[in-house]
Protein chains: 2
Amino acid sequence: MSDLVTRLRQRSWRMTPQRRVIAETLDGAHVHYTADEILERAAGRMPEISRATVYNTLNEMVALGEVLELNLDGRSKRYDPNVEHEHHHLICEGCGATKDVHTVGNPMDWLPGDERHGFAVTRASITFRGLCRECAAAS
Amino acid sequence: MSDLVTRLRQRSWRMTPQRRVIAETLDGAHVHYTADEILERAAGRMPEISRATVYNTLNEMVALGEVLELNLDGRSKRYDPNVEHEHHHLICEGCGATKDVHTVGNPMDWLPGDERHGFAVTRASITFRGLCRECAAAS
DNA sequence: TCCTAGACTAGACTTAGTCTAAAAGAAGAT
DNA sequence: ATCTTCTTTTAGACTAAGTCTAGTCTAGGA
Ligand SMILES: [Mn+2]
Ligand SMILES: [Mn+2]
Ligand SMILES: [Zn+2]
Ligand SMILES: [Zn+2]
């Protein structure tokens, strides 16, 4: 937990009650929530919060670079407050469980110069897939 | 071009006129079309083809393992007939241009055993991002 | 020829997310 | 304190992508 609220205030981003609840929801659990899951939890603490505010706030935090937006499954986007330590994701194809993982070495090194098509390559994200222990046992 | 139509017939999959038009559209260009782009092109050759058939057919080809479904941008899914040669993707964050790329070595080797959380890991897909030559020059 | 399972279709429906216009709230100037 | 202005929040309309349904069509087997 890297205190997203603190990081956001240091960026002199206006910290409203709504934004605080959203940031605390995101940062409290180290899981990868969808916008709807965040709305649901935020509404538990602030019932009048609106869906538009949740989406606006998440998009602003992503634009500030303080939250990552993940497209892991082609369904709803997921939001990840863990921007401090580069990592990738491992997903169970059975139950959808998602783990943070760390690779040996730098993924940028896996792409040789003649495969870069003249691009200035800046980032690489890896999604590993497989079956978790429970799902493997059940199949 | 690996002749998707031939591969599908070898799987004894009923080859209707609609399915043939969709498969030929997909395989003809080595790009990554969305379902809507495929519908548009297929409708050019068979105006009465329906959207539901395009979606049904794409989903069946994916289930057969003869087409890959890509979630590159969190918007619409893209379909890739190139299942014969493992590859990954490099995307320009400026214009969205997408290239097939090949890594040095096997991505599965980048994930050490103690980062696997007991999963049986079977696949890894990497998305590299950056700016293409034109977009880099323009910025 | 008739039957039947599978394939096709139009359009309703669902889900995820964006947009709009108005109301509310914060901050600065007087 | 009051006015002004800018930002944020809100409800709900709207859009985009995809799924589902129920009826129709069609090819191949008895
Ligand atoms: Mn993560
Ligand atoms: Mn490809
Ligand atoms: Zn699982
Ligand atoms: Zn570009």
Side-chain angles (χ1 to χ4, degrees), chain A residues 4-5 8-9 11-26 32-64 66-80 96 98, chain B residues 4-5 8-9 11-26 32-64 66-80 96 98:
Chain A
L4 178 57
V5 173
L8 290 165
R9 293 199 29 255
R11 306 282 306 258
S12 64
W13 188 59
R14 193 187 287 185
M15 187 54 69
T16 67
Q18 290 87 346
R19 289 173 172 186
R20 178 181 300 278
V21 167
I22 292 165
E24 287 176 356
T25 300
L26 249 185
H32 306 92
Y33 285 138
T34 63
D36 250 27
E37 288 167 345
I38 293 163
L39 171 58
E40 189 184 341
R41 283 164 178 75
R45 289 176 55 193
M46 185 184 268
E48 72 283 14
I49 201 169
S50 85
R51 206 160 55 97
T53 296
V54 172
Y55 277 103
N56 290 344
T57 300
L58 290 171
N59 287 339
E60 283 163 35
M61 295 190 304
V62 169
L64 284 168
E66 298 295 348
V67 165
L68 294 172
E69 186 180 85
L70 309 178
N71 291 305
L72 298 175
D73 60 353
R75 306 180 62 79
S76 32
K77 293 172 181 173
R78 290 179 176 273
Y79 295 88
D80 188 341
T98 302
Chain B
L4 178 57
V5 174
L8 290 165
R9 294 198 30 256
R11 308 280 307 258
S12 65
W13 190 57
R14 193 188 287 185
M15 188 54 69
T16 67
Q18 289 87 346
R19 287 174 174 186
R20 178 180 301 276
V21 167
I22 292 166
E24 287 176 357
T25 299
L26 249 185
H32 305 92
Y33 285 138
T34 63
D36 250 27
E37 288 167 345
I38 293 163
L39 171 57
E40 190 184 340
R41 283 164 177 76
R45 290 175 55 190
M46 184 183 268
E48 73 282 13
I49 199 169
S50 85
R51 206 158 55 98
T53 295
V54 171
Y55 277 104
N56 288 343
T57 300
L58 289 170
N59 286 339
E60 284 164 34
M61 294 190 305
V62 169
L64 284 168
E66 297 295 348
V67 165
L68 293 172
E69 187 180 85
L70 309 178
N71 291 304
L72 298 175
D73 59 354
R75 306 179 62 81
S76 32
K77 292 172 181 172
R78 292 180 175 271
Y79 295 89
D80 188 341
T98 302

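Just so we're on the same page: letters track the sequence lines, and every chain starts at 1. The structure presented is a predicted model; accordingly, all values stated were derived computationally and were not measured.
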How many whole angstroms separate atom CZ of A:Arg78 from atom C1' of C:dT15?
14 Å
Return the CG to OG1 distance between A:Leu58 and A:Thr34, rounded to the nearest 0.5 Å.
9.5 Å
Rounded to whole Å, how long is the line connecting atom CG of A:Asp73 with atom P of C:dA16?
10 Å
Going through the checks in order, is the side-chain contact (heavy atoms from CB on, under 4.5 Å) test met by A:Glu24 and A:Leu26?
CA-CA 5 Å; A:Glu24 287 176 356; A:Leu26 249 185; over 6 Å; no
Please state whether the phosphate of C:dC8, meaning OP1 or OP2, lies under 4.0 angstrom from any side-chain nitrogen or oxygen of B:Thr16.
yes
Side chain A:Thr53, main chain A:Ile49, donor-acceptor under 3.5 Å
no
Take the protein atom CD1 of B:Ile49 and the nucleotide atom P of C:dA10, then report the distance between them rounded to whole Å.
10 Å
Spacing of B:Glu60 atom CD and B:Tyr55 atom OH [to the nearest 0.5 Å]:
15.0 Å
Of the nucleotides D:dT8, D:dT10, C:dT9, which has the atom closest to the A:Gln18 side chain?
D:dT10
Indicate, with a heavy-atom threshold strictly under 4.0 Å, whether A:Arg75 touches base, sugar-phosphate, or nothing.
nothing
Measure the CZ-CG distance between B:Arg41 and B:Asp36 for me, rounded to the nearest 0.5 Å.
10.5 Å
OP1 or OP2 of C:dA16 sitting under 4.0 Å from any side-chain N/O of A:Ser76?
yes
dist B:Leu8:CG -> B:Leu4:CG (nearest 0.5 Å) comes out at 4.5 Å
Looking at C:dG17, does its base get a donor-acceptor pair with the side chain of A:Arg51 below 3.5 Å?
yes
d(CD, A:Glu60; P, D:dT9) in whole Å:
8 Å
What's the CE-C1' distance between B:Met61 and C:dA7, to the nearest Å?
15 Å
Let me know the distance between CE of A:Met15 and P of D:dT7, rounded to the nearest Å.
18 Å
Rounded to whole Å, the CG-P distance (A:Asn59 to C:dC19) equals 9 Å
At less than 4.0 Å, is any side-chain N or O atom of A:Arg19 found next to OP1 or OP2 of D:dT8? Yes or no.
yes
Looking across every strand, which nucleic acid part, if any, lies under 4.0 Å from B:Thr53 by heavy atom: base, sugar-phosphate, or nothing?
base
Bend angle of the helix from C:dT1-D:dA30 to C:dT30-D:dA1 from five-pair axes at both ends, rounded to 10°?
10°
For the residue pair B:Tyr79 and B:Met61, establish whether any side-chain heavy-atom pair is separated by less than 4.5 Å.
no
Tell me the interatomic distance from A:Tyr55, atom OH, to C:dT18, atom C1', rounded to whole angstroms.
9 Å
Closest heavy-atom pair and its distance - B:Arg14, B:Arg19:
O-NH1, 3.0 Å
Rounded to the nearest 0.5 Å, what's the gap from CG on A:Leu64 to CZ on A:Arg11? Could you check?
5.0 Å
Would B:Glu37 and B:Arg78 pass as an ion pair if we require N to O under 4.0 Å?
yes
Measure from the side chain of A:Ala52, starting at C-beta and using heavy atoms only, and say which of D:dG12, C:dA16, C:dC8 lies closest.
D:dG12
Which residues in residues 32-46 of chain A have at least one heavy atom lying under 4.0 Å from any atom of DNA chain C?
none
